[in-house]
Number of protein chains: 2
Amino acid sequence: MVELFTPQLDTIFHALGDATRRHMLSDLASGERTVSQLAEPFSISLAAASKHIKALENAGLIRREVRGRTHFCRLEPGPLASAHEWLSHYQRFWTGRLDALEELLRREDTLKSPSPNRDDTKGDDR
Amino acid sequence: MVELFTPQLDTIFHALGDATRRHMLSDLASGERTVSQLAEPFSISLAAASKHIKALENAGLIRREVRGRTHFCRLEPGPLASAHEWLSHYQRFWTGRLDALEELLRREDTLKSPSPNRDDTKGDDR
DNA sequence: CAGATATTCAACCGCATGGTTGAATTATTC
DNA sequence: GAATAATTCAACCATGCGGTTGAATATCTG
């Protein structure tokens, strides 16, 4: 179907909406990192970093493996793929390319006939 | 550089982190909508919808054109493309494929250290 | 002009967020 | 066993968010 599991997208996009967390992800792109390593570039407390990491973990964006007293984090690609896929749905808007489905929708729109979904024909045109 | 203009990504991803706003965007994908039309599917006040719309506008995700007393909103693809592009940096993690940028980074990496893959254990004792 | 329509503004509420600090937990090391 | 290291927990604080309601601002219409 067109729509993904939206509550997950909520937490994924929310996690991505913070520069610190995006930076952590980009750090994790080059390999496994411990909590302290992830926290190091920022001038925030370790507790604050821990919360960020938990947000990422909660969104499924990273996975944590505890070895001894150290927590190692690794990137988990699935949710990133989901977000990417959701955005791909709008790709036609910046590429200008239409696929079959979009062409259909667009045809209806230019014909100005009542759409299948919402027939708000009460509005005047200009 | 790998990173886009991060403050913009903050607001873009934040705007996308709400199901109501994502729904509005998907509505706008089939064409121009007024504020009331955008608000209609949800059981929230018009003022609340207005705030959502302002968040989308603020992130540059939509553009507003006022004709008479009615505000028409249209999708603005640029920021969506930015978000999509940012996520694309991580595409290799779920496709297993390397893009050009990654190949470059990786080439540098393999030149520096013998470890070919992403395990860069730097001087870690034990 | 009066009234209806479309939308925003302003004040408020409850709750989540991102930050802090200090104590607690768990694991390693001497 | 005691000290140190890695991380979380708990309490707290300021700020922002998503929601509400009621008034305000334009604009269209009769």
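Remember, predicted model here, so these are calculated numbers, not experimental data. In the text below, chain A, chain B and the rest are named by the order of the sequence lines, each starting its count at 1.
Proximity note for B:Val35 (side chain, C-beta onward) versus C:dA4, D:dC17, C:dT8: the nearest is C:dT8. Between D:dG19, D:dA5, C:dT20, one nucleotide has an atom nearer to the side chain of A:Ser45 than all others, and that is C:dT20. If you check C:dG18, D:dT4, D:dG18 against the side chain of B:His14, the one that comes closest is D:dG18.
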Side chains of residues 48-60 of chain A: which donor-acceptor pairs under 3.5 Å do they make with residues two or more places apart or in other chains?
residue, atom, partner, partner atom, Å
A:His52, ND1, A:Arg21, NH1, 3.2
A:Glu57, OE1, A:Arg64, NE, 3.2
A:Glu57, OE1, A:Arg64, NH2, 2.7
A:Glu57, OE2, A:Arg64, NE, 3.1

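Atom P of nucleotide D:dG16 and atom CG of A:Asp18 are separated by 14 Å, given to the nearest angstrom. In this structure, A:His71 atom NE2 and C:dT28 atom P are separated by 11 Å, rounded to whole Å. B:Arg64 places its CZ atom 9 Å from the C1' atom of C:dT8, with the value rounded to the nearest Å. Between the CG atom of B:Leu46 and the C1' atom of C:dT8 there is a distance of 9 Å, given to the nearest Å. Between the P atom of C:dG18 and the CE atom of A:Met24 lies a distance of 11 Å, rounded to the nearest Å. Atom P of nucleotide D:dG18 and atom CG of A:Asp10 are separated by 10 Å, given to the nearest angstrom. Atoms CD1 (B:Ile44) and C1' (D:dT21) sit 14 Å apart, rounded to a whole Å. Taking atom CG of residue A:Leu56 and atom C1' of nucleotide C:dG18, one finds them 13 Å apart after rounding to whole Å.
In this structure, the side chains of A:Tyr90 and B:Leu75 come closer than 4.5 Å at one or more pairs of heavy atoms. A heavy-atom distance below 4.5 Å is not found between the side chains of B:Leu16 and A:Leu16. Inter-residue side-chain proximity for B:Trp86 and A:Leu25 is flagged as met; some heavy-atom pair is nearer than 4.5 Å.
Residue A:Arg67 is out of contact with every strand shown, counting any heavy-atom pair closer than 4.0 Å.
Atom CG of B:Leu61 and atom SG of B:Cys73 lie 12.0 Å apart (nearest 0.5 Å).
A donor-acceptor contact closer than 3.5 angstrom links the side chains of A:His84 and B:His84.
Shown here are the side chain to side chain donor-acceptor pair (under 3.5 Å) partners of B:Arg69, two or more places apart in sequence or in another chain: there are none.
Applying the 3.5 Å distance criterion, the base of C:dT26 shares no donor-acceptor pair with the side chain of A:Arg69.
Within residues 47-55 of chain B, the residues having any heavy atom under 4.0 Å from DNA chain D are, by residue number, B:Ala47, B:Ala48, B:Lys51, B:His52.
Contact check, B:Arg21 against D:dG18: a side-chain N or O comes under 4.0 Å of OP1 or OP2.
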